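One structure is given here, and the rest of the page talks about it.
All figures in this text were calculated on a predicted structure; none of them were measured in a lab. Note: hydrogens, waters and symmetry copies are ignored here, and every other heavy atom, side chains too, is used.
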Amino acid sequence: MSQRTPLFALTAVALLAMTACGTDEPLGTSAASTTPFTVKVVGFNDYHGTLQSPGTFGTNTAVPTASRPAVGGADYLAGHVKKLKAQNPLNVVVGAGDFIGASPLISSLFNDEPAIETLNRIGLEFNAVGNHEFDHGSAELLRLQNGGCKVVAGAADPNSCKGLAAGTPVPFEGAKFKWLSANVLDTATGKPLLPAYGIKTFNGVKMAFIGMTLQATPTIVTPTGVAGLSFKDEAATVNALIPELRAQGVESIVVLVHQGGFQSSTSLSDINGCDGDLAGSDIATVVKQLDNAVDLVISGHTHAAYNCSAGTVDVTSTAGVVSSRARTTGLANATGRRVPVTSASSFGRVLSDIDVTIDPTTRDITAVQATNRLVDRTDTTVTPDSAIQAIVKAYSDLISPLANKVIGAVKAELPATAADAACNMPAGELIADAQLAATAPAGFGDAVIAFMNRGGVRNPGFTFASSTAGEGDGNVTYGEAFTTQPFGNSLVTLTLTAQDLKNVLEQQFAGCRGQAAAATRIMVPSSGFKYTWDGAKACDARISSVTLTRNGATETIVDAAGAVPAPTKTYRVTVNNFMATGGDGFTTFLNGKQALGGAQDIDALTAFMAGYKAPAAPYARGASANDLGTARVLRTGGTSCPTGAAVNP
């Protein structure tokens, strides 16, 4: 059936407080009835401007690689959303943030306008603001919401408003959906930067969607991105809004929050699992404090898929035999009641298909049935959206001369995932080496060490197989490099003491030296720098045997007992500007002296890879003599690389 685009109008309360937005009743709704009815909520998160398929994906890690279907892509994402919406005329499409930022070149080059244009046509209605929405500051986020061409230093940005080529309106149309963020305040006015919630009415019953950004955003975004903003506690902000919503007759309440967790490290990470009930995660902490009025939480941020609801399954593997057992679960709220919580992976690979039952008499949600579904490009029952296909092709054509240029080669696959329990990351090693090479020369930093943050290295890393561009196996194109390192950060070289190095390595672990309580973040070092860690030990006692090898000589920075022989000795260390300003909780870098800015990270990577372009030999992991034939990061004990609160899995 046809459906008109919802019109957004501020409620009476919102006109005064500028905190909320509401919608007209969409076509197909009717006056209030007394019979319970269902509404289909379609949710997803962390789209990151992934207009094209990010590759293959399985329902869990036990699915063989060869059996995993191609997934995602804006065209098929739209097709799957349309299929789900056709099952129930009472529906809404919502998001949990990071729909822009850290995007592939096809969207990032054009200021993420392509991401917005495709999301408009997918049918997104409400979206929580994520941390990456602030990558370029609040003014740019508001432009993307409201439309118009980008202007830089009084001049039109040449990569903005390319709709003439893409078949989209000029000037840029802006988001037709509403970004929501109740807990982000403009410090000058004390009011929310964007509406706190949106309301949509079904059969005369209002359903509210509260948008929430993770409070820790300032620690993972460059300071310029969050200038003039304050970020309040997620749960406290939600709870404070409940009386306001109830005053408007709202009892059906959904929280869209850009915060998340992970299933336990021993699980098969089934997209419909909730192994370990996300214990110790930030999202579990938030839900534990929520008012009992909240009926459903749709989350994101961690790029993990999980389904903590009546649709949850435990998927296990015993002696190679995979079995599945259904269980009813959720995450406990402030009263102990278990609330359904979902997350749909990232990059448009998964959709959360959620049916909520509403009692029109109480106006409350009485049941939630959620299922995470792959956005399967091989599903013959789904028709990709042709209009979106045309938009994606147009932007692809615009970037192809730059994106398909070969910049170098790799000898083997270098994934952006942990290679072992010590958390060595092959793709991150190449990037760290590139950053050291760019800043080691005299006058360019005199660096002897470089560190790369894991979150700054995006999937899939550096693939070996040729892409559809036909560059040939092993060759790396600019587009592939940009996909792996899309942030546009600049390099900063600092002077740190040996004690600073010990301290910042200790700061990698959850709760140590101010690191977030639910985040273990093992950095990736450049060639020649080695250390050992032991997660079984206490904070400030986990790091030992830190050495630096240069020109055939090895010096000890931290000895085998964890002591620092020469604590005041200094070293020039390169990180990106995000880390240099304390990003990812690495506040020790703020101790750095004699800071010197350098090239953009992608430019450093491109220049480095030129040395590995045919006829030169390709880049090979571990080939540097300074690595001495062993891994850069070593570990005592442990079976898997930690990412959350657990530091010794």
Output yes when a side-chain donor or acceptor of [X] lies under 3.5 Å from a complementary backbone atom of [Y], and no otherwise.
X: Lys162; Y: Tyr395; value: no
X: His48; Y: Ser103; value: no
X: Thr50; Y: Gln52; value: no
X: Glu133; Y: Phe99; value: yes
X: Asn489; Y: Asn577; value: no
X: Gln600; Y: Gly488; value: yes
X: Thr549; Y: Thr554; value: no
X: Asp46; Y: His301; value: yes
X: Arg143; Y: Ala139; value: no
X: Asp135; Y: Gly225; value: no

Sub-4.5 Å side-chain heavy-atom contact between [X] and [Y]:
X: Tyr612; Y: Lys411; result: no
X: Phe586; Y: Phe451; result: no
X: Met523; Y: Met579; result: yes
X: Thr118; Y: Tyr47; result: yes
X: Ser230; Y: Pro218; result: no
X: Ile220; Y: Asp584; result: yes
X: Val184; Y: Val129; result: no
X: Tyr531; Y: Leu501; result: no

Hey, could you give me the [atom1]/[atom2] distance between [X] and [Y], rounded to the nearest 0.5 Å?
X: Phe462; Y: Thr483; atom1: CZ; atom2: OG1; value: 10.0 Å
X: Phe110; Y: Leu105; atom1: CZ; atom2: CG; value: 7.5 Å
X: Gln435; Y: Thr493; atom1: CD; atom2: OG1; value: 9.5 Å
X: Asp500; Y: Thr570; atom1: CG; atom2: OG1; value: 10.0 Å
X: Leu494; Y: Lys593; atom1: CG; atom2: NZ; value: 10.5 Å
X: Tyr619; Y: Met609; atom1: OH; atom2: CE; value: 9.0 Å

Establish, from distance only, whether the side-chain atoms of [X] and [Y] form a donor-acceptor pair under 3.5 Å.
X: Thr477; Y: Glu471; result: no
X: Arg572; Y: Thr495; result: yes
X: Asn503; Y: Thr588; result: no
X: Gln507; Y: Thr587; result: yes

ask   = When you look at CZ of Phe444, are more than 12 heavy atoms from neighbouring residues, nucleotides or ligands closer to it than 6.0 Å?
value =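 Result for CZ/Phe444: open.
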To check you understand the geometry: which heavy-atom pair defines the closest contact between [X] and [Y], and what is its length?
X: Arg632; Y: Asp433; value: NH2-OD2, 2.9 Å
X: Ser343; Y: Gly300; value: OG-CA, 4.0 Å
X: Ser107; Y: Asp112; value: OG-OD1, 2.5 Å
X: Ala604; Y: Leu491; value: CB-CD1, 3.8 Å
X: Tyr478; Y: Leu402; value: CB-O, 3.3 Å
X: Pro525; Y: Val633; value: CD-CG2, 3.9 Å

query = When you look at Phe589 and Leu496, which way does the side-chain contact (heavy atoms from CB on, under 4.5 Å) test go after all the steps?
reply = CA-CA 8 Å; Phe589 287 127; Leu496 296 176; 3.8 Å; yes
key: Carboxylate-amine/guanidinium proximity below 4.0 Å for Arg621 and Glu413   = no
query = Salt bridge or not for Lys502 and Glu506, using N-O below 4.0 Å?
reply =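 Glu506 and Lys502: salt-bridged.
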ask   = Run the side-chain contact (heavy atoms from CB on, under 4.5 Å) check on Ile391 and Arg121 step by step: do they pass?
value = CA-CA 10 Å; Ile391 293 170; Arg121 288 153 184 81; 3.5 Å; yes
message = As a quick check of understanding, evaluate side-chain contact (heavy atoms from CB on, under 4.5 Å) for Val524 and Ile431, giving each step before the final call.
response = CA-CA 9 Å; Val524 187; Ile431 290 172; over 6 Å; no
ask   = Does the pair Val375 and Phe57 meet the rule for a side-chain contact (heavy atoms from CB on, under 4.5 Å), with working shown?
value = CA-CA 9 Å; Val375 180; Phe57 200 63; over 6 Å; no
ask   = Who pairs with Lys530 by salt bridge (charged side-chain N to carboxylate O under 4.0 Å, His left out), at least two apart in sequence or on another chain?
value =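 If we apply the salt bridge (charged side-chain N to carboxylate O under 4.0 Å, His left out) test to Lys530, skipping adjacent residues, there are no hits.
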task = Please check if the distance between the ring centroids of Tyr571 and Phe529 is under 6.0 Å.
result =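 Tyr571 vs Phe529: aromatic centres not under 6.0 Å.
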query = When the ring centroid of Phe487 is compared with that of His132, is the distance short of 6.0 Å?
reply =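 Between His132 and Phe487, which both carry aromatic rings, the centre distance is below 6.0 Å.
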request  = State which residues pass ring pair (Phe, Tyr, Trp, His ring centres under 6.0 Å) with His136; sequence neighbours excluded, sorted by chain then number.
outcome  =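 His136: no ring pair (Phe, Tyr, Trp, His ring centres under 6.0 Å) contacts found.
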